[in-house]
Amino acid sequence: MSDVDELTQLVLHERQGRDRGWWAQMRACFAPGATIRVSWFEGTAEDFIARSQDMAARGDQASHRLSPPVVHVTGDRAVVEVPMTVEFRTVIDEVEADLASMGRLLYRAASQDGRWLIAGMEAIYQRDTLFPSIPGTRLDIRREDLAGFRPSYRLLSYHLSRRGYAVSSDLHGDDRPDEVAELYRETFRWARADLP
């Protein structure tokens with residue numbers, strides 16, 4: 001298997017493990033000390049897996065619809081970007097609704113003892129949508145309920161906050177393009193590679 005194929009399968013296995021609750025598979029994808037930064041969590045991969053298990057036990061299930069990864073390999077380090085949509089079926093004030101948050105996952109991966117492992121994962125948010133899941137149903141969300149949430153992940157923040165999760169206002173999002181550009185520069189520097 002080529003490095004590109006192995007890295008593609010690595011990030012797909014990580015997301016599959018998260019969505020299906022296959023925690024051992026998910027855990028096997030990460031290098032020791034790997035770090036994660038997403039809407040509701042920032043810390044180590046080990047803590048992320050434990051908190052993901054807690055989230056699933058509460059019934060807060062999300063699924064990730066992924067587009068093909070783009071892989072950049074430089075020696076024993078790699079950068080993998082995966083366009084994604086995080087989807088939730090939820091209930092808001094007794095109305096069943098579907099939330100979709102669009103963005104991309106930016107992975108850092110390193111080869112250790114001949115095997116690629118994830119050293120870091122960070123989400124970059126683009127936009128989100130929220131609709132009643134039954135056509136003709138009315139879902140009322142007041143503008144003031146969304147005040148203070150960033151436009152790139154406003155509805156995701158609203159949903160997760162209602163469910164009791166703290167969401168950082170300082171995540172990477174396309175509404176702050178300079179910060180996103182710097183994240184790409186940092187990530188490719190880590191991989192000892194030039195930006196494409």
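The structure presented is a predicted model; accordingly, all values stated were derived computationally and were not measured.
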| field | Val91: hydrophobic cluster co-members (side-chain, 4.5 Å) | value | none
| said: Once ring-ring contact (aromatic ring centres under 6.0 Å, His included) is applied, what residue pairs with a partner in residues 43-92 remain, sequence neighbours excluded? | reply: Trp40-Phe48, Phe41-Phe48, His72-Phe188, Phe88-His159
| query | Which residues pass the side chain to side chain donor-acceptor pair (under 3.5 Å) test with Glu182, sequence neighbours left out? | reply | Arg185, Arg189
| request: Could you grab the distance from atom CG of Leu12 to atom OG1 of Thr8, nearest 0.5 Å is fine? | output: 6.5 Å
| Quick one: are Pro69 and Leu7 in side-chain contact, heavy atoms under 4.5 Å? | no
| message | Between Ser101 and Thr85, is there a side-chain heavy-atom distance shorter than 4.5 Å? | response | no
| request: Measure the CD-OG distance between Glu6 and Ser111 for me, rounded to the nearest 0.5 Å. | output: 7.0 Å
| request: State which residues pass ring-ring contact (aromatic ring centres under 6.0 Å, His included) with Tyr158; sequence neighbours excluded, sorted by chain then number. | output: none
| said: Would you say Tyr184 and Glu81 are linked by a side-chain donor-acceptor pair, where the criterion is simply a distance under 3.5 Å? | reply: yes
| note | For Asp113, the side chain to side chain donor-acceptor pair (under 3.5 Å) test, sequence neighbours excluded, returns none
| field | Contact list for residues 10-24, test salt bridge (charged side-chain N to carboxylate O under 4.0 Å, His left out), sequence neighbours left out | value | none
| said: By the salt bridge (charged side-chain N to carboxylate O under 4.0 Å, His left out) test, which pairs, at least two apart or in different chains, include something from residues 27-38? | reply: Arg27-Glu46, Arg37-Glu42, Arg37-Glu122
| task | Give me the one residue out of Arg192, Arg108, Arg115 that meets salt bridge (charged side-chain N to carboxylate O under 4.0 Å, His left out) with Asp76. | result | Arg192
| message | Going by side chain to side chain donor-acceptor pair (under 3.5 Å), name the residues that satisfy it together with Ser152, two or more places apart in sequence or in a different chain. | response | Asp175
| Approximate separation, where rounding is to 0.5 Å, of Leu99 CG and Ile92 CD1 | 7.5 Å
| query | Tracing side-chain links under 4.5 Å among I, L, V, M, F, W and Y, which residues wind up in one group with Ile134? | reply | none
| Could you state the interatomic distance from CG (Leu171) to CG (Leu156), rounded to the nearest 0.5 Å? | 9.0 Å
| task | Assess whether atom CZ of Arg65 is packed by more than 12 heavy atoms of other residues, nucleotides or ligands within 6.0 Å. | result | no
| query | So with a 6.0 Å cut-off around CG of Asp194, is the heavy-atom count from everything else above 12? | reply | no
| remark: For Val70, the hydrophobic cluster (side chain heavy atoms closer than 4.5 Å, chained through members) also holds none
| request: Can you sort out the partners of Asp60 under side chain to side chain donor-acceptor pair (under 3.5 Å), two or more places apart, ordered by chain and number? | output: Arg163, Tyr165
| Do Asp5 and Ser2 have a side chain donor and acceptor closer than 3.5 Å? | yes
| remark: One should read off an interatomic distance between Gln61 CD and Glu87 CD, to the nearest 0.5 angstrom, of 13.5 Å
| Ignoring hydrogens and geometry, is there a side-chain-to-backbone donor-acceptor pair from Asp128 to Leu155 under 3.5 Å? | yes
| message | Please check if the number of heavy atoms outside Arg150 that lie under 6.0 Å from its CZ is greater than 12. | response | yes
| request: Ignoring hydrogens and angles, tell me if any N or O in the side chain of Arg162 forms a donor-acceptor pair with the backbone of Ser157 under 3.5 Å. | output: no
| Which value, rounded to the nearest 0.5 Å, describes the distance between Arg176 atom CZ and Asp178 atom CG? | 11.0 Å
| query | Under a single-linkage definition using a 4.5 Å side-chain heavy-atom cutoff for Ile, Leu, Val, Met, Phe, Trp and Tyr, are Leu183 and Tyr107 assigned to the same hydrophobic cluster? | reply | no
| request: Can you sort out the partners of Arg138 under side-chain contact (heavy atoms from CB on, under 4.5 Å), two or more places apart, ordered by chain and number? | output: Asp140
| Residues Arg51, Asp54: salt bridge by 4.0 Å N-O rule | no
